[in-house]
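This is a predicted model, so every value here is computed, not measured. The chains referred to below are lettered A, B, ... by the order of the sequence lines, with proteins before strands, and numbering in each begins at 1.
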Amino acid sequence: MKRQKPVECFNPFEFLSEEILFTILDCLDENPLDKKSFALVCKSFYIAESRHRKTLKPLRSELLTAILNRYPCITHLDLSLCPRITDNTLIVVSALCKFTLHSIDLSRSKFFSHVGLANLVLNCSSLLEIDLSNGTELTDSAAVAIAAAKNLEKLSLARCKSISDSGIGCIAVGCRKLRVINLKWCLGVTDFGVGLLAVKCKDIRSLDLSYVPITNKSLPSILQLQYLEDLVLVGCFGIDDEGIATFSRGCPSVERLNIASCQNVGHVGLSSLTNGARNLRQLILAYGSPVTPALAAALQKLSKLHSIKLDGCMVTCTGLQAIGNCCASLRELSLSKCPGVTDEGLSSLLLKHKQLRKLDITCCRKITHVSIANITTSCTSLISLRMESCSLIPKEAFVSIGECCHLLEELDLTDNKIDDEGLKSISRCSELSSLKIGICLNITDEGLTHVGMSCPKLIELDLYRCAGITDLGIAAIARGCPRLEMINMAYCKDITDSSLISLSKCSRLNTLEIRGCPSISSVGLSTIAMGCRLLTKLDIKKCHNINDVGILPLAHFSQNLRQINLSYCSITDVGLLALASISCLQSINMMHLRGLTANGLAAALLACGGLTKVKLHSSFKPLLSKPLCEHIEARGCVFHWRDKAFQADNSKGWKLQLEDMP
Amino acid sequence: MDLKGRRCSEAWPKSRLGNDSLKTLTLDLEPFNQFNSLQQNQKWNGPDNFDYGYRIATSYSEVNPLPAPLSSNPDNQIKTPSQVDKQTIEALISASKLQDWDPRTMLSNLSFLEQKIHQLQDLVHLIVGREGRAVGRPDEIEAQQQQLVTADLTSIIVQLISTAGSLLPSVKNTLAANPFVGQLGSSSGVGFPHILDANDAMQQDNGGSKVSDHSDQIEPPSNCRHEQNNGGQSNPLVSTIEEHDPKDEEDAGEGENLPPGSYEVLQLEKEEILAPHTHFCMICGKGFKRDANLRMHMRGHGDEYKTPAALAKPQKESNSEPMLIKRYSCPFAGCKRNKDHKKFQPLKTILCVKNHYKRTHCDKSYTCSRCNSKKFSVIADLKTHEKHCGRDKWLCSCGTTFSRKDKLFGHIALFQGHTPALPPEENKVSSGASDLGGSSEVTETTQVEPTGFNFSSGTSNVGSIQDDVDMKGNVDDPTGYFSPLNFDTCNFGGFHEFPRPPFEVSDSSFAFLLSGSCNYISKTGGASGSDALE
């Protein structure tokens, strides 16, 4: 202190007002490291940074007390990285956050009960959002605790299977201001609970009732909600045409309706939407009744409808034509995995909807270059095109895509016949951020080099099993796409360490898949580790040449690593123990590690406190002591015991399979 | 003495009256203007007309012996007779509109009634005889006997009223020789004070002698007094007349849309309503709820009861004549089911009366043995409840319970602030859990219990971890393996000295992500991180 005082007098930073510091901090959102550095400038910066931070996503619940003391203005607390949140933790949070806390996410946490929740709700009276998804052990008592949160506006109870109507009833009565509620997979909830919710919480905007065992009886009360905009009824088998007919009584507020997988809803019911849901913008009918002219006619008067998803529906040619004729102007259309999509049907539809921005024709295996020609001529403003496995489309067609659709940002061409020419053409889409060309066996470094040169905004690149790609192509990408965050080079056999060395310049890289690249060694991995500090997901399965020498620098530098797949690598206890020191690490997949012993494994498991998922060969199960396993599980970790045999090298099988495909 | 006992005592004075007084009693019930000139063979038409009044009167005679004259009747003296009057009159009036008199039917009815009264007389004799023998008998038997007689009298009254109902038209046409009928017919309301008169006289006659013996048992029951107060505060005669306001009758049949006057209204007394049995064996005194059961029982007493005639349904005779629809009134004044209520809704059957009276005006003495909270006054209700009790019990925060979920949710939807309440079992469990959770920092436990582990890397917890390891006993050096603290001191075969990243700052190492995916933790492990934070 004494030493600091004279320094303080001359420190110009001390005179900056908090307002200015906050404005500076607002601009530092992009890289979290920047804020860290900022806080270290001087005392006032440190305090400003403490007071500026509003959201927090801690890795360990143990340190919550200290963290929350440092950051007094936290409004959003995301605990989804802490698998073990006990009642005590919640009590600590509630005592430290008090009124400032608006939102808390407990969707990935376990081991807390209604006691902690009750405390939280009691002390943090201004809570607006609670996410309790996956709380399979939460009972109605927890719901009763939540019901005390009078100001709650947003609540997610997805997969809270033990909560019943009584619990929902309590919430409905207690939380009158609810606007968004998610009850997906709440199997204990029925018409009674939902009905009560609709009666008591008049402000509901968004209601997700997917897979909830409700029937038609619920709908009249739900549709009386005058602000309801978003209604999700995926997989509600109890709802049929009769129920949907309730819409005809009027529900002008509904803008998005998702009735995917409601097999009992057909065109008869949908026709009532015309009368009642005039403002419908998005309609999802995936995996439902066949798309026929009758169904299309039912949608005829929905003038504001701009997005339809018909994934997995049986589609007829006339049905598509009718949709083309009736709907006003579609922006989004999804026909993914629809059997029956033909050139004729798709073309007639596309000719009518020239404003289309997003199109999904994944696995429409009957369409040919005719459809592509129509897409390129009429839908020039496409932003997203997904056409995985459209196997009849010839390679020439892809050239036209690149020529006409310059605005494309997302392109999925997985498992297509595209070649270097096509890729060269597509590289004209300078806005491209996501490109998936996995299993495109015709492309080589040449095409990829074009992409690398012309698509600087590329963020995601999928080259899964692109056997023709070598280090040259990757080097071009690494050079031209500095924003790259995800790259998948799995089973690109010719990739070597030099690819990784070039990729290590992409400092934003967070996901790297190099599964089955036998030429990659520890050298490449350590360069990646040093260059790509943000790495969170790493798959090095079957990289036989990677050993402890590569893992140690990884453990040292990649402190953000969350997921790693080490199976079949030449890693021993030492490497694993080193990895265990990565405090973020949550998921380890370690099948068939030759150098691994039971004791090393036990030590690593104990050391790695944040683990949530461990995939192991079942031969280890008897070798680990039962109390140890229980202990690890009590920390929130789940063991996946697998009994797969050691696969020497299955690449040949895959190749043969590919060659069989025409 | 509890209420029941009191009822017994008040309604069963005659068992102690002895043979003579009983005779007097029955004889007192003779036609009203001539009740002093007693003839045994006439006594049948006595009790049936004003039996209610008679019994009440007897009870009160012992409470406050009254002088005979009508003028000195106290205010609270017997509302019930006036009710009986009303009933009779109603019955008569309505009968006059609807029916013609068939003297043969009447005769058969009367002879049947005579028989019945004889039987009753025998029974009372029997009782009197027994009482003489066993002085110290418990109250139970007394009560049984009382009920026995009560029940018989009730049925006689009912019979007689219905018989009398068929009489009235003939009265209008031919002035009957029967003095009773004549009187009824000629001076409808006026005749009834005589009844009262007769009662009072009777009270004096038989009551006066015995009061001293039973004074201890005959405290005025509050219920009765209440009724009386509610009833004719003024002269019963006046009230009788007033009660015949035609409006009352108009409203009477509302519940089932019976036109007024198309049915006769009967009113049982509460003692009768509350009697557990209505049919009694005149030989052994055993009581039955159903007449048929009694007839089955009677077979055991001798062959004469096995004849088809004896086993036949006795009501059949009276059924042969077209009967008026009977409806019932609740004796509780002020009740909607009471015929004095402005919006009177009659009860359909005697069973309805019983259930209504018990449910509405009695204590709920039957408690469910399972939940110990629900109470019932009708045992059948308890049994119905017990079938469902404990199975899906739906509770509201207001304390109301529902057997059905939809009822609960309907209730909650209707009322503001009511919420579903969780079943008590779950609450108990959860309160237990709260105890567990409430006990903060669990560091001492050596159990392999999830709450026992607190993996904050603070040193205080290492001990517990070690304990845990010792228990497992399969690891040689527990601290080495189990404590995450020691990892940074491990020597990984030469790689220990790996260069540190240049950006790394050692002073504040937070083991959390800062606004996204980046993390500053230093390699020294969680413990140092926590220490560094203030």
Side-chain angles (χ1 to χ4, degrees), chain A residues 29 32-33 35-36 40 55-60 62-63 66-67 69-70 81 86-88 111 113-116 139-141 144 147 165-166 169-170 173-174 192 195-196 199 510 534 536 552-553 556-557 559-560 574 577-578 580-581 583-584 602-603 606-607 609 625 627-628 630-631 634-635, chain B residues 394 405-406 409 412-413 417-422 426-427 430 433-434 437-438 440-441 448 450-451 453-458 468 471-472 474-475 480-482 484 487-488 490 492-493 495 498 500-501 503 505 508 510-521 523 525-526 529-530 533-534:
Chain A
D29 272 338
L33 293 172
K35 280 190 181 173
K36 173 81 175 175
L40 294 168
T55 67
L56 197 64
K57 194 174 182 183
L59 268 173
R60 297 289 173 81
E62 300 91 69
L63 305 175
I67 299 165
N69 273 326
R70 170 165 176 193
L81 295 179
T86 61
D87 285 338
N88 284 330
F111 305 104
S113 76
H114 65 101
V115 180
T139 60
D140 282 341
S141 319
V144 171
D165 282 334
S166 301
C170 290
V173 174
F192 298 121
L196 200 60
V199 167
N510 59 40
L534 300 177
T536 54
L552 287 170
H556 201 87
F557 294 110
Q559 287 297 320
N560 289 303
V574 177
L577 280 169
S581 68
S583 54
C584 291
L606 272 171
S625 74
L628 178 83
E630 283 169 357
H631 166 96
R635 293 199 303 204
Chain B
W394 300 101
K405 195 178 184 180
D406 54 338
F409 279 80
I412 286 162
H418 290 206
T419 61
L422 303 186
E426 197 178 338
N427 280 340
S430 58
S434 78
S440 51
E441 298 308 311
V448 190
T451 41
F453 297 104
N454 190 341
F455 276 84
S456 64
S457 35
D468 186 35
M471 235 170 47
K472 293 163 202 153
N474 68 330
V475 187
Y481 281 117
F482 277 71
F487 271 93
D488 44 347
C490 280
F492 296 129
F495 292 104
F498 212 89
R500 301 235 149 180
F503 70 90
V505 189
S508 55
F510 307 119
F512 60 91
L513 285 184
L514 291 169
S515 88
S517 54
C518 192
N519 176 8
Y520 295 93
I521 188 157
K523 280 279 292 172
S530 68
L533 281 163
E534 299 304 292

Participant: A side-chain contact here means heavy atoms from C-beta on lying under 4.5 Å apart; do A:D165 and B:K405 qualify?
Facilitator: yes

Participant: So what's closer than 4.5 Å to chain B heavy atoms on A:N510: side chain, backbone, both or neither?
Facilitator: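 Nothing of A:N510, per the 4.5 Å heavy-atom cut-off to chain B.
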
Participant: What's the shortest heavy-atom distance between A:S166 and B:F409, and which atoms?
Facilitator: N-CZ, 3.9 Å

Participant: Mind listing the closest non-hydrogen atom pair of A:G169 and B:P420 along with its distance?
Facilitator: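 It is C-CD, 3.6 Å.
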
